[in-house]
Amino acid sequence: MTVQELPGAAAYRPTPPPAWKPITDPAPLLPDPEPYRVLGTDAVADVDPELLLRLHAELVRGRRYNAQATALTKQGRLAVYPSSTGQEACEIAAALVLEERDWLFPSYRDTLAAVARGLDPVEALTLLRGDRHTGYDPREHRIAPLCTPLATQLPHAVGLAHAARLKGDDVVALAMVGDGGTSEGDFHEALNFAAVWKAPVVFFVQNNGFAISVPLAKQTAAPSLAHKAVGYGMPGRLVDGNDAAAVHQVLSEAVARARRGEGPTLVEAVTYRMEAHTNADDATRYRVDSEVEAWKAHDPVRLLERELTERGLLDDAGIEQAKEAAERMAAALRDRMNADPELTPMDLFTHVYAEQTSQLREQAAALRAELDAEQDHDEHGPEAGR
């Protein structure tokens, strides 16, 4: 017997419950048609001058950091470095909008964000150097490990933020990802869970035009990546990623919204990767020099410097002072990276399990015996132990 054959079937009119259609008006979630800007507009008058000057100093330091790290790859001191030159406004703003109690979930390109948040510049490069572990304690700095697999940090950010909310902790997670990462399944899963749970998360997409060599047009047919937010039931914001003041304002609003318990926001910053994907990439194979030159006219450092000088907030002496501070940072970074790390073989067993297994204990004992024998040989010669 089918449902239609049951008694009273004619009166049966299934009505979807309200949960089937939780949002009827997507308009409030849609991003603006053009990226939001502050520099060069009337809105800049409302920005704290001290904030603008701090953004400038951090941008100059970040630009120099990228240049020094790239040079270290050529000297064999770094295995690889994904430069964020041209994207410094995104990196710095992401770090400055967070409170100390909040968490940053970076991708592999987001070393500047980690350093601007207070991480030791050398520790930020440890993973890329090929040294052990993350290079820093994530809990101490509230910075998740620099994530090399695309977008896998996004569900982690949602989980941490949701757990913090359940515990009553006033914590916001800001998760950074590139445009290429939005094509990964982790991106969609993270946004869906975050929206359903109203997790205090901000998803920050740095759209730099290319996923290695794949242009954005070959990844998505959406009007913008920010439009993808609507499908998950969260607001999408579109911002000029080279306008440091605009990025800071939009991210600040998204963080405040998350902290109020209103759920996640997807922010897309339209920017450009000035240099190759990494030092191992040949960008000339998939883009032309004229395109790069056109974006240099929209350089985030130059944009902010021009605004500050036109408003009388920065002069040549101030610009030189920022450069000198950046040079001191680069010199210290260079000196410390040129020193060989001190390696301890027994550390191989330190961070495998919270409690070592019997096999690990046996292996550690065997290695310790070999090291002791080698040391005894070095100190007493080949006759030692006979």
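In what follows, residues are counted from 1 in the order of the sequence shown. Just the heavy atoms: all of them, side chains too, but no hydrogens, waters or symmetry mates, feed the values below.
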Exercise. Should side-chain heavy atoms under 4.5 Å link Ile, Leu, Val, Met, Phe, Trp and Tyr, which residues sit in the same cluster as Leu160?
Worked result: Trp103, Phe105, Val171
Exercise. Which residues satisfy the side-chain contact (heavy atoms from CB on, under 4.5 Å) test with Ser213, sequence neighbours excluded?
Worked result: Tyr286
For this session: For Tyr81 and Arg109, indicate whether the former's side chain and the latter's backbone hold a donor-acceptor pair under 3.5 Å.
Result: no
For this session: Verify the distance criterion only: is there a donor paired with an acceptor across the side chains of Asp281 and Thr278 at less than 3.5 Å?
Result: no
For this session: Report the residues that fulfil side-chain contact (heavy atoms from CB on, under 4.5 Å) with Glu342, sequence neighbours left out, ordered by chain and then residue number.
Result: none
Problem set entry | Hydrophobic cluster of Val214, others only, ordered by chain and residue number, side-chain cut-off 4.5 Å | none
For this session: Using the side-chain contact (heavy atoms from CB on, under 4.5 Å) rule, take Val177 and Leu154 through it: C-alpha gap first, then chi angles, then the decisive distance, then the call.
Result: CA-CA 8 Å; Val177 68; Leu154 304 187; 4.2 Å; yes
For this session: Show which residues join Leu367 in its hydrophobic cluster (side-chain heavy-atom contacts under 4.5 Å, direct or indirect), or state none.
Result: Met346, Leu348, Phe349, Val352, Tyr353, Leu360, Leu371
For this session: For residues 218-242, pull every pair meeting salt bridge (Lys or Arg N to Asp or Glu O under 4.0 Å), keeping only residues two or more places apart or in separate chains.
Result: Arg37-Asp240, Arg237-Glu253
For this session: With sequence neighbours left out, write down each residue that passes side-chain contact (heavy atoms from CB on, under 4.5 Å) with Asp120, or none if nothing qualifies.
Result: Val122, Glu123, Arg336
For this session: Please collect all salt bridge (Lys or Arg N to Asp or Glu O under 4.0 Å) contacts where either partner lies in residues 299-319, sequence neighbours excluded, each pair once.
Result: Arg63-Asp299
Problem set entry | salt bridge (Lys or Arg N to Asp or Glu O under 4.0 Å) pairs, two or more places apart, involving residues 160-173 | Arg101-Asp170, Lys167-Asp169, Asp170-Arg259
Exercise. With Asp243, which residues qualify under side-chain hydrogen bond (donor to acceptor under 3.5 Å, both in side chains), at least two apart?
Worked result: none
Problem set entry | Which residues share a side-chain contact (heavy atoms from CB on, under 4.5 Å) with Met329, sequence neighbours left out | Arg61, Arg64, Tyr65
For this session: Just jot down the side-chain hydrogen bond (donor to acceptor under 3.5 Å, both in side chains) partners of Ser84, sequence neighbours excluded, or say none.
Result: Asn66
Seminar exercise, completed: In this structure, CG of Leu104 is separated from NE2 of His141 (nearest 0.5 Å) by 12.0 Å
Exercise. Roughly how far, to the nearest 0.5 Å, is CD of Glu324 from CD of Glu320?
Worked result: 5.0 Å
Problem set entry | Atom CD of Gln321 with >12 non-hydrogen neighbours under 6.0 angstrom | no
